[in-house]
> 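My questions will all concern the structure given below.
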Amino acid sequence: MSSLQPLKGTHDLMFDDIRRHRLVEETAFEVASRYGFSEIATPVFEFTDVFKRTLGDTSDIVTKEMYTFETKGGDSITLRPEGTAGVARAFISGGLAQQTPLKFFYRGPMFRYERPQKGRQRQFHQIGAEILGVPTPQADVEVIALAAHVLKELKLTGNVTLELNSLGDIESRAAYRDELVKYFSARKDQLSQDSRDRLERNPLRILDSKDPGDKAAVADAPSFTDHLNELSRDFFKAVQDCLAAQDIAFKVTPALVRGLDYYGHTAFEFTTDALGAQGTVLAGGRYDGLIKQMGGPQTPGIGWAAGIERLSMLLSDLPPAKRPIAVIPIGEEEAKIALDITAKLRHAGFTVDMGYSGNMGKRMTRANKIKAVVALIIGSDEVRDGVATVRNLDTGDQVKVPFADLARHLSGHR
RNA sequence: GCGGGUGUAGCUCAGUUGGUUAGAGCAUCUGGUUGUGGUCCAGAGGGUCGCGGGUUCGAGUCCCGUCACUCGCCCCA
């Protein structure tokens with residue numbers, strides 16, 4: 001069974017792949033900081049209950065996609081499949097109720113036992129943001145504005161659109177749910193097998209089915225918008241007005257629903273047409289009941305998460321990596337001096353690479369391969385004169401520069 | 001969990017109706033140039049044809065199984 005392959009649905013990240021990841025994470029965190037979010041890092045595993053109690057017993061994530069196992073101590077623990085539950089748990093166990101409102105940004109790996117495909121891995125990475133303790137639409141709008149800002153800053157290729165919906169409060173949702181079940185039950189024969197199952201488990205999910213038969217049935221289904229009570233309707237309107245006021249374009253999509261049970265009121269998704277079946281690039285919503293449900297004080301919350309792999313695929317060209325300075329000694333004694341120069345330049349803030357072995361030709365080839373800007377050639381003549389030959393690797397021009405003047409001479413390449 | 005596609009050199013791929021020593025480009029290494037790379041020229045190394053079984057005088061090629069990757073369903077970020 002053991003093999004030298006990575007496990008299904010996992011990947012090694014290196015070179016440009018990890019640079020893309022970093023770019024997404026760092027851009028997002030930088031923007032989030034401007035909005036007053038601070039970083040939180042919760043453990044990658046939690047007691048299984050943390051996820052079981054929050055995600056809802058009917059969600060596929062809980063029923064078949066969690067990496068759950070027993071520890072040597074006999075506890076059932078689970079590798080986190082998403083980030084919000086951990087943040088909510090930290091809020092409760094850390095006694096943070098006194099410090100609301102709180103704004104958290106997080107990043108890190110998540111785990112779901114799914115069949116991999118494009119934009120879907122078993123270990124994947126998310127960035128996410130949460131606002132805890134703010135019941136008003138301002139929080140919804142700030143969190144969406146942050147999301148839009150992050151996506152804009154990443155300069156994604158293709159079209160990304162914001163879809164928005166309201167899932168109403170508990171009362172509205174229960175009423176609508178009953179209505180939907182009644183409607184679809186009467187048309188059961190038109191529905192796909194999947195949707196017949198959903199009728200029991202999660203009828204709202206039928207609304208965003210891709211099955212053509214389902215779509216036909218959905219077309220005339222009662223609309224959620226018509227079933228929102230006054231409070232929910234006002235809330236939704238306030239969110240929309242405020243987004244419009246901030247020039248954030250959105251499309252109200254009545255079929256937009258959430259997979260996880262803890263969402264209510266605002267639900268939103270940024271989607272793209274560039275990723276095949278996995279078109280959702282960032283998604284979130286309001287979860288006012290979550291923290292109470294987990295055993296904490298009643299605390300409203302709203303947040304989103306985005307898949308770094310999906311965002312990475314939409315990144316246009318990476319900015320070029322920093323080009324190093326290559327130090328090339330010729331001879332043993334010269335290598336010692338070169339090492340000293342290398343160290344001094346590094347401490348002075350330069351990016352410097354000195355190869356480990358090889359004659360000059362090999363070292364030049366290597367300098368070329370690592371895309372060095374200049375090569376500092378240090379041979380016996382140079383050591384005798386106290387200079388380094390500084391060769392510009394793009395133009396081929398070379399000049400001799402006294403050791404003491406190197407930092408100043410190279411300052412443009414820092 | 002269900003359905004489709006693909007597995008040949010480090011990478012991208014070609015390989016005729018089954019036929020004898022399995023090819024190319026890129027990459028790598030060596031030499032031309034032992035203190036000058038990126039260009040050029042010459043040469044070299046590198047393959048259990050994913051794995052197992054079957055059909056056949058003969059299988060990279062056909063059949064069955066299996067594993068991996070991939071796309072879609074489902075689910076979701």
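The sequence lines fix the lettering, A, B, ..., with proteins before strands; numbering per chain opens at 1.
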> Side chains of A/Gln138 and A/Thr136: any donor to acceptor distance under 3.5 Å?
yes
> Who pairs with A/Phe403 by ring-ring contact (aromatic ring centres under 6.0 Å, His included), at least two apart in sequence or on another chain?
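A/Phe403 satisfies ring-ring contact (aromatic ring centres under 6.0 Å, His included) with no residue once adjacent residues are dropped.
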> Considering only nitrogen or oxygen atoms on both sides, find all protein atoms under 3.5 Å from nucleotides 1-4 of chain B and state each distance.
from: B/rC2; atom 1: N4; to: A/Arg115; atom 2: NH1; distance (Å): 2.5
from: B/rG3; atom 1: O6; to: A/Arg115; atom 2: NH2; distance (Å): 3.4

> In whole angstrom, give the distance that lies between atom CZ of A/Phe111 and atom P of B/rC75.
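For the pair A/Phe111 CZ and B/rC75 P, the rounded distance is 24 Å.
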> Has the side chain of A/Arg310 got a donor or acceptor atom sitting under 3.5 Å from an opposite partner on the base of B/rC76?
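Such a pair exists between side chain and base.
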> Before accepting this row, confirm whether a basic side-chain N of the pair A/Asp241/A/Lys237 lies closer than 4.0 Å to the acidic partner's carboxylate O.
yes
> Determine which pairs satisfy ring-ring contact (aromatic ring centres under 6.0 Å, His included) with at least one residue from residues 125-155 of chain A, sequence neighbours left out, and list them in order.
A/His21-A/His125, A/Tyr35-A/His149
> Within the structure shown, what part of the strands sits under 4.0 Å from A/Lys362 by heavy-atom distance: base, sugar-phosphate, or nothing?
sugar-phosphate
> Please name all residues satisfying ring-ring contact (aromatic ring centres under 6.0 Å, His included) with A/Phe69, sequence neighbours left out, ordered by chain then number.
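So A/Phe69 forms no ring-ring contact (aromatic ring centres under 6.0 Å, His included) with any residue.
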> Does either side chain, that of A/Ser411 or that of A/Arg414, offer a donor lying less than 3.5 Å from an acceptor on the other one?
no
> Whole Å only: how far is the CD1 atom of A/Ile377 from the P atom of B/rG37?
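That distance rounds to 10 Å.
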> What N/O pairs connect the protein and nucleotides 25-28 of chain B at under 3.5 Å? Give each pair on its own line.
none

> Check each residue of residues 400-414 of chain A for a non-hydrogen atom within less than 4.0 Å of any atom in RNA chain B, then write out the ones that pass by number, or none.
none
> Apply ring-ring contact (aromatic ring centres under 6.0 Å, His included) to A/Tyr176 and list each qualifying residue two or more places apart in sequence or on a separate chain.
A/Phe224, A/His227
> Is the phosphate of B/rC69, meaning OP1 or OP2, less than 4.0 Å from a side-chain N or O of A/Lys8?
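Indeed, a polar side-chain atom of A/Lys8 lies that close.
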> With the threshold set at under 4.0 Å for non-hydrogen atoms, list the residues of residues 10-29 of chain A touching RNA chain B in residue-number order.
none
> Can you see whether A/Thr10 engages A/Gln121 through a side-chain donor-acceptor pair at a distance of less than 3.5 angstrom?
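On atom types as modelled, these side chains do not qualify, holding no pair under 3.5 Å.
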> Could I get the full list of ring-ring contact (aromatic ring centres under 6.0 Å, His included) partners for A/Phe235, not counting sequence neighbours?
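In terms of ring-ring contact (aromatic ring centres under 6.0 Å, His included), with neighbours along the sequence ignored, A/Phe235 is linked to A/His265.
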> Give me each pair satisfying side chain to side chain donor-acceptor pair (under 3.5 Å) with a member in residues 373-385 of chain A, each pair once, sequence neighbours excluded.
A/Glu382-A/Thr389
> Let me know the distance between CZ of A/Phe124 and P of B/rC75, rounded to the nearest Å.
16 Å
> Rounding to the closest angstrom, what is the interatomic distance between B/rU61 and B/rU56 at atom C1'?
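It works out to 13 Å between them.
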> Distance check: side-chain N/O of A/Lys210 vs OP1/OP2 of B/rC73, anything under 4.0 Å?
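Answer yes for this pair, as a side-chain N or O of A/Lys210 is under 4.0 Å from OP1 or OP2.
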> Let me check something: any side-chain donor-acceptor pairs from residues 152-159 of chain A under 3.5 Å, sequence neighbours excluded? List them with distances.
from: A/Thr157; atom 1: OG1; to: A/Leu314; atom 2: O; distance (Å): 3.0

> Within less than 4.0 Å of OP1 or OP2 of B/rC71, is there a side-chain N or O belonging to A/Gln117?
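For A/Gln117, the contact criterion (side-chain N or O under 4.0 Å from OP1 or OP2 of B/rC71) is not met.
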> For RNA chain B, what is the dot-bracket line, given that a base pair needs Watson-Crick (N1 to N3, plus N6-O4 or O6-N4) or G-U wobble (N1-O2 and O6-N3) geometry with both distances under 3.5 Å, and | means paired with another strand?
(((((((..((((.....[...)))).(((((.......))))).....(((((..]....))))))))))))....
